[in-house]
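Report on the structure given below.
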Amino acid sequence: MNAIETHQLTKVFPGDIRAVDGIDFEVKEGEIFAFLGPNGAGKTTTIKMLNTLIPPTSGTALVTGLDVVKNATEVRRRIGYAAQDVGVDEHATGKENLTLYGHFYRLDNKTIKEKVKEIFDLVGLTGSENRMVSTYSGGMRKRLDLAMGLIHQPQVMFLDEPTTGLDPQTRASIWEYIRKLVESKGMTIFLTTHYMEEADRLADNIAIIDLGKIIAMGTADELKKSIGGDVVTVTPCQDTDEACKEFVSRSEAALAGKTFITGTKSTNHELAVYVNDGASAIPSIMHFLSGEGIEVKTISMSRPSLDDVFLKYTGRTIRTEEGSRTTFAQLRRMRDRRQQR
Ligand SMILES: Nc1ncnc2c1ncn2[C@@H]1O[C@H](COP(=O)(O)OP(=O)(O)OP(=O)(O)O)[C@@H](O)[C@H]1O
Ligand SMILES: [Mg+2]
């Protein structure tokens, strides 16, 4: 049996905002499954439908074999949830926070006591149980938040951006705790992230989501292999202004139709060129660009990353989405224009 299964799951908010737009995916028991996507992709909305906080507009979702609408109460008993915003009480100790959750789930005092000890150990907070949460660091709060979703031994744990805003070291330690949950408890983890590295390093399977649709799905390796070969990134200018954009499109035009190139994608300031063999392609790329009078500022070669996968399918990078103020409506128009081409 799959831990999670969706069929054409859809959520439309008032104003015809199709936050989640007919998605199908399966998560196997005991796996870590990541939803990778930029701001506004529909990650939190999906999580909220799966954990019964909001009803789907249409389509279905099964969690541990149970329909999230018809069997909402039982689904809630079987799952844990750490929301995007940390939901711990600052003015209580870590232990008090966790104990309160135990009571929410109607566990008896003895079980709560045992669980509190076990979970603090699991998330690496032993020794800080009796400190006020207001004295915890950001990473400790995140770990306490994760701990609170674990008190009732859920079969499936939903983590909405478990490491956003944390430094790389704390992020790595949270990854370790997540892995421990899977290994020691056989739990299934569904997490969302906009960090490619997080999905890459942690997840068994990844769905890349953009504007409410799953645009690619598979293991990190499968997704990267779907691009094939190497990626040569050419930066023909240093700024991100209009002139730079023009340089990029001239570069793309100069390389169009060359047989050693399997594809190109441009952003405002750089051009990604997909080739089978980067080392032999770089001199040719330089040759064709200089032939058009384009002076290359930097050129680099890499194996495809998940960002390249995202770029290939959407024409945008996840990186540039962070902190961008592009509205959902603008992004949808961009997608529609792309589909019309
Ligand atoms: N209650 C709501 N009413 C109207 N629109 C909403 C509501 N909740 C979410 N949306 C919209 O749905 C889209 C998807 O939002 P969602 O929160 O699921 O994205 P996300 O992928 O979690 O983004 P982030 O990475 O910023 O957390 C966005 O355009 C958002 O503005
Ligand atoms: Mg979100």
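One-based numbering, in listed order, for ligands and for the atoms of each.
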Is there a donor-acceptor pair closer than 3.5 Å between any side-chain N or O of T188 and the backbone N or O of G30?
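The answer is yes, because a donor-acceptor pair under 3.5 Å joins these two groups.
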
Can a donor-acceptor pair be found, under 3.5 Å and without considering hydrogens, that links the side chain of H152 to the backbone of I79?
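A pair under 3.5 Å: yes.
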
Looking only at heavy atoms of [X], does any of them come nearer than 4.0 Å to an atom of ligand 1?
X: E161; result: yes
X: G42; result: yes
X: G212; result: no

Does Y177 have R143 sitting over its ring (NZ/CZ under 6.0 Å from centre, angle to axis within 45°)?
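So R143 doesn't make the cation-pi contact.
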
Closer than 2.8 Å to the Mg ion (ligand 2): does that hold for any N, O or S atom in N39?
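So N39 does not count as coordinating the Mg ion (ligand 2).
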
Report yes or no: does Q84 have an N/O/S atom closer than 2.8 Å to the Mg ion (ligand 2)?
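It does; at least one qualifying atom falls short of 2.8 Å.
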
Given K43, K11, R18, which one has a non-hydrogen atom that is nearest to atom 20 (P) of ligand 1?
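Comparing heavy atoms across K43, K11, R18, the nearest one to atom 20 (P) of ligand 1 lies in K43.
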
Nearest option to atom 12 (O) of ligand 1, as decided by whichever heavy atom of G15, A19, P38 sits closest
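Among G15, A19, P38, the closest heavy atom to atom 12 (O) of ligand 1 comes from A19.
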
Would M148 and N97 count as a side-chain contact (heavy atoms from CB on, under 4.5 Å) here? Give the steps.
CA-CA 8 Å; M148 282 160 60; N97 267 285; 3.9 Å; yes

Output all residues satisfying side-chain contact (heavy atoms from CB on, under 4.5 Å) with A61, sequence neighbours left out; order by chain, then residue number.
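side-chain contact (heavy atoms from CB on, under 4.5 Å) check on A61 returns T6, L9, L50, V68.
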
